[in-house]
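Encoded as structure tokens, the structure appears first; notes follow it.
Worth saying up front: this structure is predicted, and the values here are computed from it rather than measured.
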Amino acid sequence: MSWLTRLIEALLDMFGGAAKPVSRPAESQAAPDSGNHQPGQQLGQQLGQPTDQRTAAPAPAETGAIKVLVAEFTNDRDGAYTQRVIDTLKTATVLDVSKTEVSLAGPGDNPALAKLAQFQADGRAWLESAGADLLIHGIATRGGLRLRLVGAVPPAEGKPDAVGIGDAFLVPLNFGAELANLLYAGVLVAALPGKAERRRDLAPHIAGAGERALKLLEGLPDGVDVAQIGAIHTWLGVVTAALWRLCDLPAGLTAAVAAFEKANREGPKELTPLVMAELKIRLGLALQELAVVKGDESMFEDAIDAFETVTRNLDAGAYPRECGLACIGLGSAYLTRGRKLLDAEDCARAVTAFDAALSVFTKEADRRRWHGTMNLKGAALATAGSINLGAKDLEAAAVVLREVFEACDRTTNPLQWAQGSNGLGSAVFALAKRTNDKARLNEAIGYFDGALAVYEARNQTVALGVVGKNLQRAHRLRDTLGG
């Protein structure tokens, strides 16, 4: 049984009894991906309807549909292709889809990052004014549709299951059922950052559409061009990575890696720097996670190669964001492998990569990314310190994490402050344990106490458990040292 078959079987088994049947639209015969549809023709079978008879279609969401606005596509003279996308998505029970008259200028072909960022910001402003969750902006060309999705809340950067700022969904004008389900799953994934409280309730809908779309990994419909091949496999990668994240299905991660690799191998040979970087970074992160899941150390090398493809081929001065994110991914791969293999040299390589990222994401220019990268650098130094003898690396970790903590504000961002307090406490505790320094141990306990107070006030149960264990360890050491 192939991993793809196992993934489909797992999805069918996982959600087989979880949802109530829903009625299908009249005149239902799901159209194949054959390119013989007329503009505006519906696909018939409901989106997300599984192909296996064991599994009922996902029931409507308990708490209201995701509101999707579709702007009339550029170059769609009679609006037929716009309406076809609307009619297709309307067959999904969890979506509330409507046409909007928003006058939002598209970013154009091969847009620069600044133009894409402005497009996304304008789209989110419109969504906020309309009280909607997702905007679909499209262009109709002779070869197909170019669709860009803007969610009300931006996704996390550099995640294999996140829609990238440079992503466009490219499909033939007369797309069929599998591509329609991929679009539906992509819409749900793009809306997820703004619907964190509904991840559990949306998972069966993403799984139902994903199960239909997975057939595209075995072969694409006739008539797709090379740009569409790259885009379709990239979206497949995002959706299957989301299935891994939502459902804890390792085969979803395997499918994501396969899809991203197909996008890289079978898509356009010449990609814009932004598209190339986002594809390689997501591939690298998926490979890194899969290496941990499977215990396959060789995958770390493949992940490292993906990140280094970005850093080798792009100039950090011209593409700072892309190079910085690639360096963070590279450092994370070295750090993860270093922890697994207890390899201090990998930890040192991670520190070097994080320093390269910090040369781009400075505290003054990009405080959010600086904060996250400094935490990772501190973790790499602390891990090296746990492997190496002496206190040099642990001292360095404490210096880094102290700078992170001092940049936090307990009043404006108490949870970030608590995280920083616990992180610094952990570094100082490791140093106190290594050197039997009572003063440092008491300092560490003070940091843990501060974090505990914030988490207790906000009922952060998971964080409370972590900090509580840290405090217990610190008090045991104080008892051992006598005071």
Over 12 non-hydrogen atoms of neighbours within 6.0 angstrom of CZ in R312: yes
Value rounded to 0.5 Å, distance of CG in L335 from CG in D346: 9.0 Å
Can you find a pair of side-chain heavy atoms, one from L69 and one from S98, that are under 4.5 Å apart? yes
So, D305 side chain and E301 main chain: donor-acceptor pair closer than 3.5 Å or not? no
Derivation of the salt bridge (charged side-chain N to carboxylate O under 4.0 Å, His left out) call for R245 and D161: CA-CA 8 Å; R245 194 80 67 202; D161 55 321; 3.2 Å; yes
Quick check: closest heavy atoms across P268 and G230, and the distance to 0.1 Å? CD-CA, 4.3 Å
Between K90 and D87, is there a salt bridge with N-O shorter than 4.0 Å? no
Test: R84 cationic atom under 6.0 Å from F175 six-membered ring centre, within 45° of axis: yes
Trace of the side chain to side chain contact (heavy atoms under 4.5 Å, CB included) decision for L183 with L179: CA-CA 6 Å; L183 172 60; L179 287 174; over 6 Å; no
E128 atom CD: more than 12 heavy-atom contacts under 6.0 Å: no
Answer yes or no: is there a donor N or O on one side and an acceptor on the other, between the side chain of W235 and the main chain of A168, under 3.5 Å? yes
Polar side-chain atom of K377 near backbone of T352 as donor-acceptor pair, under 3.5 Å: no
Does a side-chain heavy-atom distance below 4.5 Å link P172 with V224? yes
Is any side-chain heavy atom of E289 closer than 4.5 Å to a side-chain heavy atom of V292? no
Counting only N and O atoms by type, is there a donor-acceptor contact under 3.5 Å from the side chain of E178 to the main-chain atoms of L216? no
State the CG-CG distance between L243 and L214, to the nearest 0.5 angstrom. 7.0 Å
Please lay out, stage by stage, how V351 and L381 fare under the test side chain to side chain contact (heavy atoms under 4.5 Å, CB included). CA-CA 7 Å; V351 171; L381 288 165; 3.9 Å; yes
Within 6.0 angstrom of K99 NZ, more than 12 heavy atoms from elsewhere: yes
Between the side chains of D76 and T82, does any donor sit under 3.5 Å from an acceptor? yes
Give a yes or no on whether the backbone of W126 and the side-chain of S129 come within a donor-acceptor separation of less than 3.5 Å. yes
Start with the C-alpha distance between I165 and R321, add both sets of side-chain angles, then the distance that settles side chain to side chain contact (heavy atoms under 4.5 Å, CB included), and finish with yes or no. CA-CA 12 Å; I165 192 172; R321 171 186 174 271; 3.7 Å; yes
Side chain of R146, backbone of D109: donor and acceptor closer than 3.5 Å? no
What are the two closest heavy atoms between L283 and V257, and how far apart are they? CD1-O, 4.0 Å
Inter-residue atom distance Q419.CD - N413.CG, 0.5 Å rounding: 9.5 Å
Taking 4.0 angstrom as the limit, do R369 and E157 come out as a salt bridge? yes
Considering only heavy atoms from C-beta outward, does the side chain of V187 approach that of I136 to under 4.5 Å? yes
Between T240 and A256, is there a donor-acceptor pair closer than 3.5 Å when you use the side chain of the first and the backbone of the second? yes
Counting distance only, does the side-chain N/O of Q228 pair as donor-acceptor with the main-chain N or O of D225 below 3.5 Å? yes
Is there side-chain contact between L145 and F73, with at least one heavy-atom pair below 4.5 Å? yes
If every non-hydrogen atom of A326 is compared with every non-hydrogen atom of I281, which pair is closest and at what distance? N-CD1, 3.7 Å
Q83 and V70, any side-chain heavy atoms less than 4.5 Å apart: no
For V226 against E266, the heavy-atom pair lying closest together: CG2-O, 3.4 Å
Hey, could you give me the CD/CG distance between Q120 and L113, rounded to the nearest 0.5 Å? 10.0 Å
Just do the side chain to side chain contact (heavy atoms under 4.5 Å, CB included) check on T254 and W244 with the steps written out, would you? CA-CA 9 Å; T254 303; W244 149 248; over 6 Å; no
Counting only pairs under 3.5 Å, give me each side-chain donor-acceptor contact of residues 357-364, with atom names and distances, residues two or more places apart or in other chains.
{"residue": "S359", "atom": "OG", "partner": "A356", "partner atom": "O", "Å": "2.5"}
{"residue": "T362", "atom": "OG1", "partner": "A365", "partner atom": "N", "Å": "3.0"}

Any ion pair linking K280 and E322 (charged N to carboxylate O, less than 4.0 Å)? no
R337/D343 ion pair, N-O < 4.0 Å: no
Tell me whether D96 contacts the main-chain N or O of A65 through its side chain, where contact means a donor paired with an acceptor under 3.5 Å. no
Taken to the nearest 0.5 Å, the spacing of S298 OG from L287 CG works out to 9.5 Å
With heavy-atom distances below 4.5 Å as the criterion, would you say the side chains of Y334 and C347 are in contact? no
State, to 0.1 Å, how close G166 and R148 come at their nearest heavy-atom pair, and which atoms those are. O-NH1, 3.5 Å
Separation between CG (D122) and CG (L104), nearest 0.5 Å, reads 6.0 Å
Report yes if the side chains of R198 and V94 come closer than 4.5 Å at any heavy-atom pair, otherwise no. yes
Could you tell me which non-hydrogen atom of C327 sits nearest to which non-hydrogen atom of T311, and how far apart they are? SG-CG2, 3.9 Å
Any residue meeting ring-ring contact (aromatic ring centres under 6.0 Å, His included) with H137, in chain and number order, not counting sequence neighbours: F119
Mark yes or no for whether K269, through its side chain, and R265, through its backbone, hold a donor-acceptor pair below 3.5 Å. yes
